[in-house]
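All heavy atoms count here, side chains included; hydrogens, waters and symmetry mates do not.
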Amino acid sequence: QVQLAESGGGLVQSGGSLRLSCAASGSTWNINVMGWYRQAPGKQRELVADISNRDSTNYVSSVKDRFTISRDNAKNTVYLQMNSLKPEDTAVYYCQAATYRDGFWGQGTQVTVSS
């Protein structure tokens, strides 16, 4: 089992920045990919960015050049640096950790971008 604890959400004005953190605990040696998803009201959950244990990254097109995902393996923590935030980035952001067999989710953190 893997437990995930997210932090760093909040309210920010359009054009501002936030950094989300997700600390993993438990059976972290099994994790091969960690990522961030988001879900806005009335919309499906979507992948924002993910990073493999070889530091290969993947981003949804709407956040490329604005968001950066990174991973500190020594701390079992993944970060999402979000710059140039837009109102359409408003959502609950969820951390996910994937092993070869299972996926684990954090509780989510609210990000609200005001115009």
Side-chain angles (χ1 to χ4, degrees):
Q1 294 291 317
V2 174
Q3 295 79 44
L4 301 171
E6 300 135 331
S7 60
L11 173 65
V12 65
Q13 289 188 333
S14 181
S17 298
L18 284 174
R19 189 176 84 152
L20 306 182
S21 300
C22 174
S25 59
S27 302
T28 58
W29 57 88
N30 285 323
I31 297 172
N32 54 21
V33 178
M34 294 188 74
W36 289 95
Y37 288 70
R38 66 186 179 187
Q39 188 166 19
K43 294 188 176 181
Q44 290 188 332
R45 191 173 297 190
E46 66 170 354
L47 173 66
V48 177
D50 62 21
I51 183 167
S52 73
N53 55 10
R54 297 185 180 183
D55 289 336
S56 174
T57 59
N58 179 45
Y59 296 89
V60 67
S61 59
S62 60
V63 307
K64 283 182 180 178
D65 300 323
R66 298 190 297 123
F67 291 10
T68 302
I69 190 168
S70 61
R71 182 169 177 168
D72 185 334
N73 290 324
K75 295 182 179 180
N76 295 314
T77 299
V78 64
Y79 304 97
L80 186 68
Q81 178 66 44
M82 305 186 293
N83 298 328
S84 302
L85 282 160
K86 304 175 180 180
E88 52 263 43
D89 295 316
T90 295
V92 178
Y93 284 69
Y94 296 91
C95 178
Q96 195 217 36
T99 69
Y100 289 107
R101 294 184 58 184
D102 297 298
F104 301 91
W105 293 92
Q107 79 284 358
T109 185
Q110 177 71 45
V111 171
T112 302
V113 185
S114 63
S115 57

Requested in this report: Give a yes or no on whether V78 and F104 share a hydrophobic cluster (residues Ile, Leu, Val, Met, Phe, Trp, Tyr; joining criterion: side-chain heavy atoms under 4.5 Å apart).
Outcome: yes
Report summary line: Heavy-atom closest pair (V33 atom, R71 atom, distance to 0.1 Å) is CA-NH1, 4.0 Å
Requested in this report: Looking only at non-hydrogen atoms, find the nearest pair between M34 and A24 and report the distance.
Outcome: CE-CB, 4.2 Å
Report summary line: dist Q13:CD -> S114:OG (nearest 0.5 Å) comes out at 5.0 Å
**Report entry** Spacing of CG belonging to N53 relative to OG1 belonging to T28, to within rounding of 0.5 Å
**Finding:** 11.5 Å
Requested in this report: Give, for atom CD1 of I69 and atom CG of D55, the distance between the pair rounded to the nearest 0.5 Å.
Outcome: 10.0 Å
Query raised in the report: Could you walk me through whether W29 and V2 pass the side-chain contact (heavy atoms from CB on, under 4.5 Å) check?
Result: CA-CA 10 Å; W29 57 88; V2 174; over 6 Å; no
Query raised in the report: Given side chains that start at C-beta, do those of F67 and L85 come closer than 4.5 Å, heavy atoms only?
Result: yes
**Report entry** Closest approach of N32 to A98 (non-hydrogen atoms, all atoms of both residues)
**Finding:** OD1-O, 2.7 Å
Query - Side-chain (T90) to main-chain (V113) donor-acceptor, under 3.5 angstrom - result: yes
Query - Within 6.0 Å of CD in Q107, more than 12 heavy atoms from elsewhere - result: yes
Requested in this report: Kindly compute the distance separating OG (S115) from NZ (K86), expressed to the nearest 0.5 Å.
Outcome: 14.0 Å
Requested in this report: Output the distance between atom CG (N58) and atom OG (S52), rounded to the nearest 0.5 Å.
Outcome: 10.0 Å
Report task. To the nearest 0.5 angstrom, please state how far the CG atom of N30 sits from the CD atom of Q1. Result -> 10.5 Å
Report summary line: Closest heavy-atom pair, Y93 versus L20, reported as atoms and distance to 0.1 Å, is CB-CD1, 3.6 Å
Query raised in the report: Cluster question for you: counting only ILVMFWY and a side-chain heavy-atom cut-off of under 4.5 Å, with indirect links fine, are V12 and W36 together?
Result: yes
Query raised in the report: Going by heavy atoms in the side chains, are E46 and R38 under 4.5 Å from each other?
Result: yes
Report summary line: Scanning both residues in full, the closest heavy-atom pair of Q39 with A91 reads O-CB, 3.5 Å
Query - Co-membership, hydrophobic cluster, residues M82 and Y79, 4.5 Å side-chain - result: no
Query raised in the report: Can you get from L18 to Y59 by hopping between Ile, Leu, Val, Met, Phe, Trp and Tyr side chains that sit under 4.5 Å apart?
Result: yes
Query raised in the report: Can you name the nearest heavy-atom pair linking T112 to Q110, along with the distance?
Result: OG1-NE2, 3.3 Å
Query raised in the report: Under a 4.5 Å side-chain heavy-atom rule over Ile, Leu, Val, Met, Phe, Trp and Tyr, are Y94 and L47 clustered together?
Result: yes
